[in-house]
Student: 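Sharing a structure below in structure tokens format, with a few things to ask.
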2 protein chains.
Amino acid sequence: MTSQIGLGLHHLKTLHALRQTGSLVEAARMLHLTQSALSHQIKELESRIGMELFVRKTKPPRFTTAGLRLLTLADELLPQVRLAEQDLLRLAGGESGRLNMAIECHSCFQWLMPTIDRYREHWPEVEMDFASSFNFAPLPALSRGELDLVITSDPMNSPELEYIPLFQYEMLLAISRRHPLTEKEWIEPKDLEPEIMITYPVEHERLAVFRDFMDPANIEPEAIRTVELTLMMLQLVASQRGVCALPNWALAEYLDKSHIQTRKLGEKGIWCTLYAAIRTEHKGQPYMMDFIETAKETCFARLNGVRPV
Amino acid sequence: MTSQIGLGLHHLKTLHALRQTGSLVEAARMLHLTQSALSHQIKELESRIGMELFVRKTKPPRFTTAGLRLLTLADELLPQVRLAEQDLLRLAGGESGRLNMAIECHSCFQWLMPTIDRYREHWPEVEMDFASSFNFAPLPALSRGELDLVITSDPMNSPELEYIPLFQYEMLLAISRRHPLTEKEWIEPKDLEPEIMITYPVEHERLAVFRDFMDPANIEPEAIRTVELTLMMLQLVASQRGVCALPNWALAEYLDKSHIQTRKLGEKGIWCTLYAAIRTEHKGQPYMMDFIETAKETCFARLNGVRPV
DNA sequence: TGAAAATAATGAGTTTGATTCAAATTTATT
DNA sequence: AATAAATTTGAATCAAACTCATTATTTTCA
């Protein structure tokens with residue numbers, strides 16, 4: 001072609017990720033590349049079209065007209081590419097699998113439902129189901145083949161299981177805005193000693209507040225109260241009946257509406273990784289990997305505060 | 001990304017060109033690559049998605065479902081990419097140019113009009129005009145700066161002019177279907193000695209039948225009759241008033257309707273290249289190169305029998 | 001404001017993937 | 001069956017894209 005810019009899909013993916021994350025570092029993590037790679041890539045593209053694509057001086061980068069034009073293109077193309085690739089996978093993979101799921105992290109319903117909706121459109125023949133029981137250990141069930149996919153934040157080592165990281169999130173403490181701890185920038189373990197902790201009804205070790213924060217400091221809360229629903233937890237917190245630790249993205253939508261504030265757990269905060277656990281034999285299966293891919297995309301698109309890998 | 005096929009725009013361009021040309025050789029020429037490159041490229045892609053994209057055993061390749069799916073994608077994406085690149089060029093290039101055109105090949109109106117229509121949508125500020133006079137030499141006018149673009153099939157050497165090849169076409173002899181020469185597979189120069197040649201009213205040397213076919217064999221036709229309109233030429237041929245030589249693509253649409261047949265000129269046929277002539281200073285100017293690009297695309301899309309470069 | 005941390009840019013070197021070349025193989029043509 | 005055309009293949013080449021290590025810039029916060 002004569003008037004060639006030499007635009008490639010990777011350019012569009014980069015710009016797309018850059019807008020979504022707001023920084024090269026994060027975008028790079030999302031794309032499994034180095035920040036340097038993206039920097040070079042964009043610079044090269046800019047030199048070819050003879051213009052800047054975004055203004056670097058601002059914190060979330062501000063895109064120029066040219067950059068915005070390419071983002072528009074990315075928004076048009078990438079989904080179409082995605083659909084085509086799904087179609088090809090289905091054509092090739094052929095076999096329709098089974099997808100019995102369970103979640104360990106109860107807040108996950110929030111993004112799991114939209115994920116399933118999107119996924120079902122392209123894999124109509126995949127049989128999906130939920131193991132909704134609250135009181136059994138999903139990972140052993142996965143090993144035994146009763147389940148096919150488990151969303152979990154603490155991998156349990158096993159040769160037959162494979163853990164694919166979905167994203168990272170921060171565990172925050174939710175407190176009433178009238179709570180004395182609002183005075184503090186971040187929470188120390190001993191701050192929680194006089195508090196009533198509201199948690200999901202799962203084993204102690206499964207909860208990151210205990211496992212990664214209070215237990216290491218050898219601190220116990222005044223009391224523990226378990227509730228099954230996130231919304232109810234927040235009601236209790238708002239009405240000063242206790243405090244609770246929840247993922248930042250699960251809290252995000254309630255911060256404005258309710259009388260709740262959040263604080264970091266420890267100076268650096270507690271960061272967790274959410275994984276999709278599957279049996280090793282399923283690794284690489286198109287219908288499976290595509291579900292995970294869809295899940296990731298859904299999360300990054302809908303959840304505030306989550307980070308790649 | 002997890003379930004990555006690694007599809008690239010170059011794959012889509014290749015498939016697209018393959019469908020348009022019907023063979024790897026031609027597709028490669030269209031993309032300015034070797035046919036080997038395309039072969040490797042496709043094979044690699046096929047191995048990644050685990051299926052064949054087209055059946056090679058047939059003359060025009062028959063695409064598989066997977067191949068068709070990718071072609072659908074190509075039809076969606078490539079135009080969008082094209083538009084975006086045009087927008088970027090315009091954003092960058094800024095200056096709106098002038099485009100005074102002239103054609104030496106009279107049949108060219110057929111594709112020039114659609115080209116201009118498409119082009120104007122994206123370069124509304126470029127001022128376009130035609131030098132429609134039939135009896136002046138366009139190339140000198142181009143040198144003098146009176147024109148900006150000339151469509152010609154015989155370049156005249158000059159340091160300040162640049163020739164960009166658009167496509168190749170075959171010059172065919174059009175004869176009545178009751179004409180005795182229909183007996184022959186292909187035409188020899190001496191076959192034309194007793195014939196009345198119908199031509200456009202331009203200089204003898206400018207006509208490929210004479211320059212490349214009869215002159216070298218030192219043969220003259222019985223008589224020469226000039227007409228300005230292609231359609232009238234064909235009417236005369238059909239009613240046995242003479243024969244004429246025209247580009248294959250100009251003839252294509254009349255072959256079914258009228259009582260006309262065509263024959264190759266010489267065993268191998270006469271192949272001509274059509275060029276866009278511009279002043280060297282304009283080479284690389286976005287608005288100019290993009291016009292030429294649009295012209296090429298229009299031709300390949302609308303004209304039967306033309307070949308890349 | 002100045003020091004430390006985070007983020008981005010840069011240059012050199014490396015890797016990977018894409019392309020070419022030359023030769024072999026297959027397919028079409030006479 | 002023989003020749004020509006198109007395609008495939010493998011090895012070598014080339015260039016784009018990436019990483020690593022370093023420097024520069026920006027942001028944060030004491």
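These values consider heavy atoms only, across backbone and side chains, with no hydrogens, waters or symmetry-generated copies. Letters A, B, ... mirror the listed sequences (proteins, then strands); counts begin at 1.
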Student: Between atom CD1 in A:Ile42 and atom C1' in C:dT10, what is the gap in whole Å?
Tutor: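 About 15 Å, once rounded to whole Å.
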
Student: A:Ser39 near the nucleic acid: base, sugar-phosphate alone, or nothing, with a heavy-atom cut-off under 4.0 Å?
Tutor: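 Counting heavy atoms under 4.0 Å across all strands, the contact made by A:Ser39 includes a base.
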
Student: Taking CZ from A:Arg48 and C1' from D:dA15, how many angstroms apart are they, rounded to a whole number?
Tutor: 12 Å

Student: Check whether the side chain of A:Ser36 and the base of C:dT10 form a donor-acceptor pair under 3.5 Å.
Tutor: yes

Student: Could you tell me the separation between the CD atom of B:Glu185 and the P atom of C:dT30, rounded to a whole number of Å?
Tutor: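 It is 8 Å, rounded to the nearest whole Å.
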
Student: If you measure from the Lys or Arg side-chain nitrogens to the Asp or Glu carboxylate oxygens, is any gap between A:Glu185 and A:Lys264 under 4.0 Å?
Tutor: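 No.
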
Student: How long is the line joining NZ of A:Lys43 and P of C:dG11, in whole Å?
Tutor: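 In whole Å, C:dG11 P and A:Lys43 NZ are 6 Å from each other.
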
Student: Within a reach of under 6.0 Å around NZ of B:Lys184, are more than 12 heavy atoms found that belong to other residues, nucleotides or ligands?
Tutor: yes

Student: Considering just the side-chain nitrogens and oxygens of B:Gln35, establish if one lies under 4.0 Å of OP1 or OP2 belonging to D:dA6.
Tutor: no

Student: Using a heavy-atom cut-off of under 4.0 Å over every strand shown, decide if A:Leu33 touches base, sugar-phosphate, or nothing.
Tutor: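 Touches sugar-phosphate only.
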
Student: When you check the gap from the basic side-chain N to the acidic O, do A:Glu193 and A:Lys190 get nearer than 4.0 Å?
Tutor: no

Student: Is the closest basic N to carboxylate O distance between A:Asp290 and A:Arg90 below 4.0 Å?
Tutor: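 Salt bridge: no.
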
Student: Within this structure, what is the CG-to-C1' distance between B:Leu24 and D:dT8, rounded to whole angstrom?
Tutor: 10 Å

Student: Please determine whether a side-chain nitrogen of the Lys or Arg among B:Glu46 and B:Arg56 lies less than 4.0 Å from a carboxylate oxygen of the Asp or Glu.
Tutor: yes

Student: Could you please name the option among C:dT19, D:dC18, D:dT7 that lies closest to any side-chain atom of B:Ala37?
Tutor: C:dT19

Student: Taking OP1 and OP2 of D:dT8, is either one under 4.0 Å from a side-chain nitrogen or oxygen of B:Arg56?
Tutor: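 So the side chain of B:Arg56 is within the cut-off, an N or O lying under 4.0 Å from OP1 or OP2 of D:dT8.
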
Student: Does a side-chain N or O of B:His10 approach OP1 or OP2 of C:dA18 to a distance below 4.0 Å, or not?
Tutor: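 So the side chain of B:His10 is within the cut-off, an N or O lying under 4.0 Å from OP1 or OP2 of C:dA18.
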
Student: Counting only distance, no hydrogens or angles, is the base of C:dG11 paired donor-acceptor with the side chain of A:His40 under 3.5 Å?
Tutor: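 Check passes, donor-acceptor contact within cut-off.
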
Student: Between B:Phe54 and A:His11, who's closer to the 5' end of DNA chain D by nearest nucleotide?
Tutor: B:Phe54

Student: Using a cut-off of less than 4.0 Å, is there contact between a side-chain N or O of A:Lys57 and OP1 or OP2 of D:dT26?
Tutor: yes

Student: Whole-Å distance between C:dT19 P and B:Lys13 NZ?
Tutor: 11 Å

Student: Quick one: A:Glu267 CD to D:dC29 P, roughly how many Å, whole number?
Tutor: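 Checked: the CD to P distance equals 10 Å.
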
Student: Whole angstrom is fine here: how far is it from CD in B:Glu46 over to C1' in D:dT7?
Tutor: 13 Å

Student: Can you work out whether B:Glu44 or A:Lys268 has the more 5'-proximal nearest nucleotide on DNA chain C?
Tutor: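 Residue closer to the 5' terminus by nearest nucleotide: A:Lys268.
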
